[in-house]
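Naming convention: chains lettered A, B, ... in sequence-line order (proteins, then strands); numbering from 1 in each chain. Values below: every heavy atom of this structure, side chains too, minus hydrogens, waters and symmetry copies.
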Amino acid sequence: MQLEHRGPYFVPLYEPLPEDVRFYYDGKPLKLSLATEEIATFYAKMLDHEYTTKEIFQNNFFHDWRKEMTSEEQEIIKELDKCDFREIHKYFVDKNEARKALSKEEKQKLKEEADKIQEEYGYCILDGHREKIGNFKTEPPGLFRGRGEHPKMGMLKKRVMPEDVVINCSRDSKIPEPPEGHKWKEVRFDNTVTWLASWTENIQNTLKYIMLNPSSKLKGEKDWEKYEVARRLKDVVHTIRAQYRKDWESTEIKKRQRAVALYFIDKLALRAGNEKEEGETADTVGCCSLRVEHIQLHPRLDGQEHVVEFDFLGKDSIRYYNKVSVEKPVFKNLKLFMKNKDPTDDLFDQLTTTFLNKHLQHLMDGLTAKVFRTYNASITLQEQLKALTNPEDNVAGKLLSYNRANRAVAILCNHQRSVPKTFARSMQVLQEKIDAKKKQVEEAQAEVKKAEDEFNETKDAKAEANVEKKKKLLKRLEEQLARLNVQATDKEENKQIALGTSKLNYLDPRISVAWCKKFGIPIERIYNKTQREKFAWAIDMAGEDFEF
DNA sequence: CGACAGACTTGGGTAGACGTAT
DNA sequence: ATACGTCTACCCAAGTCTGTCG
């Protein structure tokens, strides 16, 4: 076991503002101490973000900022409302503009400098192989944002110093030098873990790690193992489903809750839903942490029976909204679990993820709740590709089918994105193209008619040829219109769907590789360079007859 | 057990690189 | 050549799950 690296690259130290860029308090300029000024710039940079208008953000920021002030500053700066950061804000906006306006040569020079750092710090040696590191830089200080309604938004995220950093490498390797005048917190030689360096972050008091890039052998092997576990689930999933159906009728409530939760995890690809510390993070839930207020039962709805309406915030505060017709015993059990409870009570009050996973472990070695997501995602891709791919289609048509299959998975896993800022605009441009094409089609139709009339009158061969010519043109235009319409549909369907996460984390790449080989699609058409590096193991391994 | 620490995967957002249409 | 839209790389937060400790 050998692990050798340079340690993390530390982001540059704070550079003080020029003299003429001032902070104002209560309308008067105020020279700030270096540390206080640095934190002020964090806030100033964010001025045009909506979240600086949120009370929690402002309070957290002001509280943390005051802690870092000198006692003199604390005496003066008592209200955030009286702080004027606008000059500082403008300074950074201008600086940004200036950087964008740099000449090609200057930009090239900056890039070379960045490449040099990457070259020096971005790689390590693992068992004799040079491997790319994922994140080799420490995170810069700033104001914590978080996602959704995070109670800690606006808090000060402190600068990481070498004295905070634990280095992990092999005993026989060249131990990285800390920056001049500094020491590491610790150097250890632990070959049971995969990280190269770590530090504790001050907002949630959790560890951050420097780890290898997904293209590395180590990560690739882990990825492969993950999909192999999911493939093993394929063999036993029918038994497991039979089992949880039986458990719906168990005399133990705890077992019933486990069986219903597992049904949701399997059918709807919900996350496990660990419990979280209240007040420390945004209020989000997964399966086991669902509360009564997150579901509504409809004995009948839109012509379906036993409909459960889900509405809750999941990971990253992404909304999960779904109406699902469930099997009758599930519906009955849910009614029972909700009886005499308040909206804020846990739906599965007897259930924890640990209890659920213990059970799963017993059903299959290595089985946990999240394996169902991987399994269902991958099997769905395989089935959808089978159903949607038409061998007669051209490459573009086949790729559309691939995207549709990918999209089915993203919908299953509820991978959403906010509508891109340019969406409306680019949709409009496309619509204009469609309208123009429609007009052309209409004109071509008129032309055909005219030519036909002329032929009917004259019956001469020249006129007949002209009819054929006009018809051909019409056909081509109609095809172009159809293609534009497909494109518009595709775009609209993809508006709020994020395909990347499933592609990167849930879909066994061997399914895609096999599909490409089978239908003669170049692999570059579905995986970009980074993705090909990450999935190199699969590209090597999978033949066209690979079955998940 | 249950709380907590630790390690690792999964997740959406965004700046800026990049490619394409004009 | 440039403007503009799209894609990628990067960022770092937020999950999952295991092991340990009292």
Heavy-atom count around A:R241 CZ within 6.0 Å, excluding the residue itself: above 12?
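More than 12 heavy atoms, drawn from other residues, nucleotides or ligands, come within 6.0 Å of this atom.
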Quick check on A:E432: does its CD atom have over 12 non-hydrogen neighbours (other residues, nucleotides or ligands) under 6.0 Å away?
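More than 12 heavy atoms, drawn from other residues, nucleotides or ligands, come within 6.0 Å of this atom.
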Is there a side-chain contact between [X] and the phosphate of [N], meaning an N or O under 4.0 Å from OP1 or OP2?
X      : N      : result
A:N505 : B:dT9  : no
A:T284 : C:dG15 : yes
A:R271 : C:dC17 : no

Show each protein N/O and nucleotides 16-19 of chain B N/O combination with a separation under 3.5 Å, one pair to a line.
from, atom 1, to, atom 2, distance (Å)
B:dG16, OP1, A:R99, NH1, 3.1
B:dG16, OP1, A:R99, NH2, 2.9

Residues in residues 138-145 of chain A with a heavy atom under 4.0 Å of DNA chain B, by number, are none
Check this for me: does any side-chain nitrogen of one of A:R188 and A:D190 sit under 4.0 Å from a carboxylate oxygen of the other?
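No, no charged N to carboxylate O under 4.0 Å.
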Salt bridge flag under 4.0 Å for residues A:D64 and A:K158
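A:K158 and A:D64: not salt-bridged.
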Need one value for [X]: base, sugar-phosphate or nothing, where a base atom within 4.0 Å counts as base even if backbone is also close, heavy atoms only.
X      : answer
A:K315 : base
A:A369 : sugar-phosphate
A:N357 : sugar-phosphate

When you match A:S418 and A:N205 each to their closest nucleotide on DNA chain B, which lands nearer the 5' end?
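On the 5' side of the pair lies A:N205.
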Using the closest heavy atom to pick a nucleotide of DNA chain B for each, name whichever of A:H415 or A:W195 lands nearer the 5' end.
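Closest to the 5' end, via its nearest nucleotide, is A:W195.
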For residues 522-529 of chain A, tabulate all N or O donor-acceptor pairs below 3.5 Å that involve a side-chain atom, not counting sequence neighbours.
from, atom 1, to, atom 2, distance (Å)
A:Y527, OH, A:S512, OG, 3.4
A:N528, OD1, A:T530, N, 3.1
A:N528, OD1, A:Q531, N, 3.0

Here's one to test your reading of the geometry: is the NZ or CZ of A:K254 within 45 degrees of the ring axis of A:F355 and under 6.0 Å from its centre?
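Yes, A:K254 lies over the aromatic ring of A:F355.
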